[in-house]
**Student:** 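Here you go, one structure.
In this chain, numbering begins with 1 at the start of the sequence shown.
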Amino acid sequence: MTAPFKTRITELYGIRLPIVASGLMWLADPVYVAAVARAGLIGFMTAASFPDVPALRAGIRRCRELAQGKPFGVNIMIRVSRDGSDRVNPLIDAVIEEGVKFVETAGNNPEAYIRRLKDAGITVLHKVPGVLRYVKKAESLGADAVTVIGAEAGGHPGVEPVGSIVAGAAAARSVKIPVILAGGLGTGEQLVAALALGAEGVAMGTRFLVSEEIWAHRAYKERLVGASETDTTLLLQSMRNTQRALKTAHVAMIQQLEKTEPVDTAGILPHIMGTVGRKAYESGDVEKAMLSCGQGVVFADRIEPLAAIVDRLETEARAAMHRLQGLYQPST
Ligand SMILES: Cc1cc2nc3c(=O)[nH]c(=O)nc-3n(C[C@H](O)[C@H](O)[C@H](O)COP(=O)(O)O)c2cc1C
């Protein structure tokens with residue numbers, strides 16, 4: 001079958017559909033990212049999920065084996081570690097030395113890192129919240145493309161979240177580099193809507209969490225399948241680290257802590273440590289953790305192979321295009 005969509009994003013990555021599977025802490029491992037690649041999309045393995053740099057290198061090699069020659073990338077979170085040590089450059093050394101061609105950066109200002117990556121011939125996608133000054137900054141720093149995150153997104157939608165429909169349209173009008181829209185997107189119809197807004201691709205996280213290739217416990221995926229569009233909430237605004245997560249008992253407890261005056265940041269930190277989330281993915285006991293999840297969870301309606309989800313997205317997108325063409329009646 002010929003590629004149904006051609007945008008600068010499909011060209012940039014050499015993929016069939018303009019859909020990116022963004023980094024997912026603990027979950028975007030070689031098995032998942034290679035399944036994304038084989039399904040004709042591009043996915044990014046989350047560097048921070050690996051215990052150390054040698055494990056990341058081994059993960060890159062494993063993903064390459066499983067991806068059967070299809071493109072894949074690595075997600076690198078730019079952040080200053082609490083002890084002040086440089087955790088980012090060793091990751092960049094590893095991706096360069098392992099011959100990775102595509103990197104997704106997120107988090108703090110990537111200025112110091114984009115140049116290194118570009119000099120090594122790596123294509124850089126930088127991900128920002130849907131606020132124009134960040135979108136423009138990504139372009140000015142030399143990113144090849146920018147992912148714009150709307151308020152509906154799982155993970156970090158930004159300190160002042162802006163809904164995807166505004167964020168995507170505004171971003172597409174303000175930069176020349178291709179824009180990828182994310183946040184609440186989980187259907188082929190939404191892909192077409194994003195393209196209509198001026199984006200050249202979409203990124204999805206939440207929609208793919210129920211794929212069979214995600215290693216997390218089945219009880220977690222079943223909870224997502226049963227979840228509605230109101231089953232997520234924003235938290236950690238008090239720490240200016242806003243996150244959207246599944247409504248769980250653990251999240252309600254953190255929100256209660258945030259209401260105390262003054263906010264006890266040190267008291268909150270142990271509850272939001274990544275290892276708490278990883279344990280819940282392992283056990284399926286979701287009530288005991290803060291688990292990133294977007295409003296688009298409403299579209300995650302079935303546990304099935306990643307390729308089946310992608311097939312459905314493609315079928316939906318084709319139908320949406322067809323329907324729109326039927327609605328358009330240019331005057332003669
Ligand atoms: C479970 C989960 C874990 C995530 N972990 C990361 C991460 O480690 N690094 C990152 O850049 N983004 C992370 N994100 C954000 C996603 O990459 C993506 O931007 C977001 O999921 C898009 O919105 P959506 O969830 O509405 O599809 C995570 C999202 C989810 C749902």
Side-chain angles (χ1 to χ4, degrees), residues 4 13 15-46 48-50 59 62-68 70-75 102 104 147 152-155 180 182-191 194 201-229 231-232 244-246 277-278 280-284 286 289 291-317:
Y13 295 120
I15 52 178
R16 287 189 65 247
L17 291 171
I19 304 177
V20 168
S22 275
L24 302 169
M25 187 63 191
W26 303 127
L27 302 175
D29 67 358
V31 170
Y32 166 74
V33 171
V36 169
R38 293 194 306 272
L41 318 182
I42 184 156
F44 291 89
M45 260 193 328
T46 313
S49 306
F50 292 89
R62 176 95 181 107
C63 192
R64 183 167 290 131
E65 258 169 48
L66 297 173
Q68 298 171 354
K70 299 283 173 53
F72 69 94
V74 173
N75 166 287
F102 304 106
E104 173 186 65
T147 298
E152 302 92 326
I180 294 173
L185 306 185
T187 72
E189 291 88 346
Q190 288 174 305
L191 164 61
V202 297
M204 295 182 187
T206 299
R207 178 67 187 92
F208 295 139
L209 294 173
V210 293
S211 62
E212 279 175 4
E213 292 84 354
I214 289 277
W215 64 262
H217 199 283
R218 196 170 174 91
Y220 160 70
K221 295 181 195 175
E222 282 167 357
R223 170 69 187 277
L224 298 182
V225 167
S228 78
E229 67 283 7
D231 281 344
T232 72
R244 183 176 292 284
L246 200 58
R278 193 182 58 198
Y281 291 136
E282 282 163 5
S283 67
V286 295
L291 301 174
S292 295
C293 184
Q295 291 177 330
V297 69
V298 68
F299 305 120
D301 55 357
R302 206 187 289 167
I303 302 170
E304 61 192 334
L306 195 277
I309 299 177
V310 174
D311 279 351
R312 285 167 70 195
L313 290 171
E314 181 173 346
T315 305
E316 291 161 1

**Student:** Mind checking ring pair (Phe, Tyr, Trp, His ring centres under 6.0 Å) for F208 and listing every partner two or more places apart, or none if nothing turns up?
**Tutor:** none
**Student:** Enumerate the residue pairs fulfilling side chain to side chain donor-acceptor pair (under 3.5 Å) with a member in residues 209-219, sequence neighbours excluded, ordered by first and then second residue.
**Tutor:** R218-E222
**Student:** Is it true that a side-chain atom of E152 and a backbone atom of G184 form a donor plus acceptor pair closer than 3.5 Å?
**Tutor:** no
**Student:** How would you list, by chain and number, every residue that makes a ring pair (Phe, Tyr, Trp, His ring centres under 6.0 Å) with F102, sequence neighbours excluded?
**Tutor:** Y13
**Student:** Applying side-chain contact (heavy atoms from CB on, under 4.5 Å) to L306 and Y32, what does each step give before you reach the verdict?
**Tutor:** CA-CA 8 Å; L306 195 277; Y32 166 74; 4.2 Å; yes
**Student:** Can you see which heavy atom on L27 is nearest to which on S49, and at what distance?
**Tutor:** N-OG, 4.4 Å
**Student:** When rounded to the nearest 0.5 angstrom, what is the spacing between CD1 in I309 and CD in E304?
**Tutor:** 5.0 Å
**Student:** My understanding is that only residues two or more places apart in sequence, or in another chain, count here; which of them pass side chain to side chain donor-acceptor pair (under 3.5 Å) with S22?
**Tutor:** E104
**Student:** Can you name the closest pair of heavy atoms from A289 and G277 and give their distance?
**Tutor:** CB-CA, 4.0 Å
**Student:** Closest heavy-atom contact between A219 and G284?
**Tutor:** CB-O, 3.9 Å
**Student:** If the condition is ring pair (Phe, Tyr, Trp, His ring centres under 6.0 Å), which residues does Y220 pass it with, not counting sequence neighbours?
**Tutor:** Y281
**Student:** Which pairs count as salt bridge (charged side-chain N to carboxylate O under 4.0 Å, His left out) when at least one residue sits in residues 292-301, sequence neighbours excluded?
**Tutor:** R207-D301, D301-R312
**Student:** A side-chain contact here means heavy atoms from C-beta on lying under 4.5 Å apart; do R244 and C293 qualify?
**Tutor:** no
**Student:** Who pairs with T46 by side chain to side chain donor-acceptor pair (under 3.5 Å), at least two apart in sequence or on another chain?
**Tutor:** none
**Student:** So, taking the atom named CG in L185 and the one named CG in L313, what distance separates them when rounded to the nearest 0.5 Å?
**Tutor:** 10.5 Å
**Student:** With R278, which residues qualify under side chain to side chain donor-acceptor pair (under 3.5 Å), at least two apart?
**Tutor:** none
**Student:** For residues I214 and L24, report the shortest heavy-atom separation together with the two atoms involved.
**Tutor:** CD1-CD1, 4.1 Å
**Student:** Is the shortest heavy-atom distance from the side chain of F50 to the side chain of M45 under 4.5 Å?
**Tutor:** yes
**Student:** Does R223 have any salt bridge (charged side-chain N to carboxylate O under 4.0 Å, His left out) partners at least two apart in sequence or in another chain, and if so, which?
**Tutor:** E287
**Student:** Could you give the distance from CZ (F72) to CZ (R64), rounded to the nearest 0.5 Å?
**Tutor:** 4.5 Å
**Student:** Would you say the side chain of V20 lies within less than 4.5 Å of the side chain of F44, judging by non-hydrogen atoms?
**Tutor:** yes
**Student:** Suppose we screen for side chain to side chain contact (heavy atoms under 4.5 Å, CB included). Which residues come up paired with A34, at least two apart in sequence or across chains?
**Tutor:** R38, C63, L66, A67
**Student:** Do you know the tightest heavy-atom contact between K221 and I303?
**Tutor:** CB-CD1, 3.6 Å
**Student:** How long is the span from the CE atom in M204 to the CD1 atom in I19, to the nearest 0.5 Å?
**Tutor:** 4.5 Å
**Student:** Under the side chain to side chain contact (heavy atoms under 4.5 Å, CB included) test, which residues partner T147, sequence neighbours left out?
**Tutor:** L125, K127, I149, I180, A182, A203
**Student:** So which atom in V202 and which in A194 form the shortest heavy-atom distance, rounded to 0.1 Å?
**Tutor:** CG1-CB, 3.4 Å
**Student:** In chain order, what residues pass the side chain to side chain donor-acceptor pair (under 3.5 Å) check against T187, with sequence neighbours excluded?
**Tutor:** E189, Q190
**Student:** Drop me the distance from L224's CG to L246's CG, to the nearest 0.5 angstrom.
**Tutor:** 6.0 Å
